[in-house]
Amino acid sequence: MASVSSQPQFRYTQPPSKVLHLRNLPWECTEEELIELGKPFGKVVNTKCNVGANRNQAFIEFADLNQAIAMISYYASSSEPAQVRGKTVYLQYSNRQEIVNNKTTADVAGNVLLVTIEGQDARLVSIDVLHLVFSAFGFVHKITTFEKTAGFQALVQFSDAETATSAKSALDGRIIPRYLLSENISPCTLRITYSAHTDLSVKFQSHRSRDYTNPYLPVAPSAIDGSGQFSLGLDGKKLEPESNVLLASIENMQYAVTLDVLHMVFSAFGPVQKIAMFDKNGGLQALIQYPDVQTAVLAKGTLEGHCIYDGGFCKLHLSYSRHTDLSIKVNNDRSRDYTIPNPAMVNPQPSTLGQQPVQAMGGPAAHQYNGAPYASGLQQPTMLPQPSGGWTSTVPAVAQQSMPVQMSNHYPYIPPSSMPQTNPGMMRMPGQGGVPPDAAGGAMPPYRSNQM
DNA sequence: AGCACA
């Protein structure tokens, strides 16, 4: 205990304490900055920053009460207010006598992040979008989401604290990129702290929790029944375990959808290995095989519910197939194995549908897909390294620009002349996971820091 | 801009 100043010449709303309460601090104010601020007045023995709902308050504890008084006194009569990074901070005695527990779990680095999604439509953010966002920093093992008083929250598990830290520092306080969300969803801010968890317990794959280390984990019973087919929508869905093979159903197929059209559409996300088309329940379905699950997830997340042609034609519904490797017996206009090295094996001539000439679409159709092509991240889109550039440069394959060369070799089917106001290469993606408008147009650097 | 504790 320090000797108490017996001179009440400075009366403030709070009785003196060697702990000072600061407010109006800039976000992400560091302990070092607090120490710098207090050092001229005495020995700072403890600090706590990021306090309060807005995390813009802090405490400084001096070794001696007189030092705290000196600081308060100084700024009470100074013409220059106390500042941190040019921002005026307001000081007063704390109503506590010491800083307790300077390090909370939220401050101790761990491999699991506690993410609070803030915003009007926070709970419309799907677990898939979160997965995509956090995968930019490393392999995401598990995600659980839940509703608390703090709002919509998620726990995101990485392999290690370093990866989690890079994600935290890049994403904390940023918004989820708009193009990952439906247009009518208002901006959602991420607030991130560390969780004390080290390994989340995920019993089922569901719209609320995922275990990406175990794609064949049973699907939650609650997610199975009643949900039937495609629940589209903005929030959780995806009832089946992820797979590298997608099952596509095409609704409202006013125009023929050919193998080549499917190949082009799905190649935007990664190499398509095999496609098999078949009729089911009077509609057309297709199985599309990628080399890896991540690519399929990306394609599904982006394409689900969207139409191949403008005007609501040929709407895609995607689910995960239980297949992992399709058996293509013969290459024809309904099925093809693109991995077969000898092109002579492939019959490029659709037999039932006349192949239409391809011009008329303002450049190669492939370019329409520049927004979501795969690129370097192809093999492991979740392994993109590199925290330093911020996630501007690290975000998933969605952001990559380069286009697979082979795209230009494919001939999208052009529907009959009655084709409505769009060319077939142009996907309309109004919904969640949609490619940003610029992306569809080809020129797009969506990962600007100012978009976060 | 007003006192910490997923």
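Every chain is numbered from 1, with letters handed out A, B, ... down the list of sequences.
- Listed candidates were B:dC3, B:dA6, B:dA4. Nearest to the side chain of A:Ser94 is B:dC3.
- Residues satisfying the salt bridge (Lys or Arg N to Asp or Glu O under 4.0 Å) criterion with A:Glu118, sequence neighbours excluded, are A:Arg191.
- Distance, A:Gln97 CD to B:dA4 P: 15 Å, rounded to whole Å.
- What separates CD of A:Gln14 from P of B:dC3 is a distance of 10 Å, to the nearest Å.
- Backbone-only engagement by A:Asn24 is indicated by non-hydrogen atom pairs under 4.0 Å involving sugar-phosphate atoms exclusively.
- Every pair passing side chain to side chain donor-acceptor pair (under 3.5 Å) that includes a residue from residues 138-156 of chain A is listed here, sequence neighbours excluded: A:Thr116-A:Gln153, A:Arg123-A:Glu147, A:His141-A:Ser159, A:Lys142-A:Asp199.
- Contact of the A:Tyr194 side chain with the A:Thr165 side chain is registered, since non-hydrogen atoms from C-beta on lie closer than 4.5 Å.
- If you check B:dA6, B:dC3, B:dA4 against the side chain of A:Lys148, the one that comes closest is B:dA6.
- Remark: P of B:dA1 and OH of A:Tyr93 are 23 Å apart, rounded to the nearest angstrom.
- Rounding to whole angstrom units, CD of residue A:Gln92 and P of B:dA1 are separated by 14 Å.
- A salt bridge between A:Asp128 and A:Arg210 is present, with a side-chain N of the basic residue lying under 4.0 Å from a carboxylate O of the acidic one.
- Taking atom OH on A:Tyr194 and atom C1' on B:dC5, their separation rounds to 19 Å, with Å as the unit.
- Ring-to-base geometry does not place A:Tyr90 in a stacked arrangement with B:dG2 (centre distance under 5.5 Å, plane angle under 30° required).
- Mapped onto DNA chain B by nearest heavy atom, A:Ala53 and A:Lys87 fall at different nucleotides, with A:Lys87 at the one closer to the 5' end.
- Picking from B:dG2, B:dC3, B:dA6 the nucleotide with the shortest atom distance to the side chain of A:Arg23 gives B:dG2.
- A distance of 6.0 Å or more separates the ring centres of A:Phe139 and A:Phe158.
- The CG-P distance, from A:Leu25 to B:dG2, rounds to 11 Å in whole Å.
- What separates CZ of A:Phe59 from P of B:dC5 is a distance of 9 Å, to the nearest Å.
- Between A:Leu200 atom CG and B:dA6 atom P there is a gap of 17 Å when expressed in whole angstrom units.
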